[in-house]
Amino acid sequence: MSQLVFIAFQDNDNARYVVEAIVEDNPHAEVQHQPAMIRIQAEKKLEIRRDTMEEKLGREWDVQEMLIDVISIGGNVDEDDDHFILEWN
Amino acid sequence: MSIEIKTHSVEPIRHTYSHIERRFGNKPASRYQEASFDVEAKTNFHYRPLWDPQNTLNDPNRTAIRMEDWYAVTDPRQFYYGAYVGNRAKMQEAAESSYGFCDRRNLLTRLPDDLQETLLRIMVPLRHVELGANMNNSSIAGDAIATTVSQMHIYQAMDRLGMGQYLSRIALMLDGSTGTALDHSKGYWMDDPLWQPMRRLVEDSLVVKDWFELTLVQNVLIDGLMYPLVYDKVDEWLGERGAEDISMLTEFMRDWFKESLRWTNAMIKTVNAESEANHAQLQTWIDHWEPRAYEALLPIAQATTGLDALNEIRTQLAARLDKAGLQSTGVQA
């Protein structure tokens, strides 16, 4: 049985950097551009890393900043200062 | 009755401008990309500029440095006008609140007279250096090609003007906004032997024609030694003598310098890695200007922190240049 985790963002300028970072860190992720929304799903695990984001953005970045643009998530969350991980335990 | 909700998705025909698409592919582009890449004109100039008839407008020959594509030099902070202004507004808000606090509590006028005098002699004259840096960066922004490069320099120019004004405000706090402290402090800049090597260096830099040489001299070499010396070492030295409060007023400069390191480092690294000829040219400039920047700061270090602090900073600059693939002579790192 497939176990998909997903996260959906509003399609705005902030979210594009997150999507770029996610694609780099999770080559297995599938990005779906929907009207005004970007949904990313992946088998088992999705990881958003602060260091990758900071490199993309060119500034310091707080993991919680991302939540402003998040519409929905699916999966168990493991969040700390350096990463935000979605996976099914 | 059942309602079925359906979404229709419309695929946009264009994700971004054609010139951005040619560079980055047909996908949504960031604001920074759209505002910065392939913006300035490169061809079809009708007339040569009256102010420089040897060259065309946006002529790549205004520097000895050659780049296949100057847009390879980008801003790691991704500042375009909106992002830059938003960021600086935040920094300024914090600085304003510190200045307001100092002003309301008379933190500076409560300092002993000799310390107030030291501030006017050692710190406030730096506003003249800042104005020089403002003019240099404006001129670079005028001569540089590639918007990614010129916009970094015009932001830098604005920052320097702002910091010059902050330094002036320190003097105005000391003299009760009469302006006498500003005149007094300018006297040090014009006549005190302590400042003459620096004044000479700033004036010499104003007539450097090659814009990349100028950005190297101003934003990497002079600033690379001056900022850590004045705003870290001299700041510490002032603190030991009871003027800790001044640190509140120079916090902007420390934050700013730390941030500016990112683009200056990225810029010299990219340009140096482009070709052997660029490397040789940069190295020649560094060999010429780095000792001059050091000598210009010598009297200031001697009058305050002592020479060790300046030598330590010189070693740090050497390490920084080394990371970009360049050497600085005159220091055994």
Side-chain angles (χ1 to χ4, degrees), chain A residues 4 6-42 46 48-74 81-84, chain B residues 5-17 20-21 23-37 73-91 94 148 151-152 155-156 254-256 258-267 269-270:
Chain A
L4 288 173
F6 75 90
I7 185 162
F9 297 99
Q10 296 183 56
D11 187 358
N12 60 27
D13 209 41
N14 296 333
R16 275 174 220 144
Y17 290 103
V18 192
V19 174
E20 221 176 288
I22 292 177
V23 170
E24 188 176 305
D25 287 335
N26 307 273
H28 63 297
E30 182 198 337
V31 181
Q32 303 162 345
H33 286 271
Q34 294 181 9
M37 177 171 106
I38 304 174
R39 190 173 183 279
I40 303 165
Q41 63 178 26
L46 252 184
I48 299 165
R49 299 169 54 86
R50 185 168 62 92
D51 47 2
T52 317
M53 264 310 282
E54 291 190 342
E55 192 187 307
K56 296 277 170 212
L57 273 174
R59 64 174 171 86
E60 283 174 20
W61 183 74
D62 188 327
V63 175
Q64 301 208 333
E65 271 179 56
M66 173 190 79
L67 300 176
I68 297 174
D69 303 306
V70 169
I71 297 171
S72 176
I73 51 174
D81 284 350
D82 294 319
H83 62 236
F84 185 96
Chain B
I5 299 173
K6 277 168 87 176
T7 56
H8 276 284
S9 96
V10 181
E11 192 58 31
I13 298 169
R14 298 158 64 86
H15 284 293
T16 180
Y17 306 115
I20 301 292
E21 189 182 316
R23 201 175 263 279
F24 299 103
N26 188 19
K27 56 177 183 188
S30 73
R31 298 267 163 85
Y32 174 68
Q33 290 171 338
E34 291 190 338
S36 314
F37 285 85
V73 178
T74 58
D75 190 344
R77 306 162 301 175
Q78 303 193 30
F79 277 169
Y80 56 96
Y81 184 74
Y84 164 74
V85 170
N87 181 289
R88 286 296 179 271
K90 252 187 242 161
M91 284 172 73
T148 48
Q151 74 178 348
M152 291 194 290
Y155 300 153
Q156 185 89 345
R254 272 181 294 278
D255 290 344
W256 174 86
K258 197 170 141 224
E259 185 213 271
S260 78
L261 280 178
R262 302 183 49 204
W263 75 262
T264 49
N265 286 345
M267 179 177 71
K269 196 170 173 188
T270 310

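What you see below is based on every heavy atom in this structure, not just the backbone, and it leaves out hydrogens, waters and symmetry mates.
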Would the distance check show the side chain of Q78(B) and the main-chain N or O of K56(A) forming a donor-acceptor pair, the cut-off being under 3.5 Å? yes
For chain B, which residues from residues 10-21 of chain A have at least one heavy atom closer than 4.5 Å to it? D13(A), R16(A), Y17(A)
Does atom OH of Y17(B) have more than 12 heavy-atom neighbours from other groups under 6.0 Å away? no
With sequence neighbours excluded, tell me which residues meet side chain to side chain contact (heavy atoms under 4.5 Å, CB included) with [X].
X       : result
F37(B)  : I20(B), R23(B), F24(B), Y32(B), Q33(B), Y71(B), T74(B), T148(B)
D81(A)  : none
A266(B) : P76(B)

Under a 4.5 Å heavy-atom cut-off, does chain A meet the side chain of A29(B), its backbone, both or neither? backbone
I need the R262(B) CZ to R59(A) CZ distance, nearest 0.5 Å. 10.5 Å
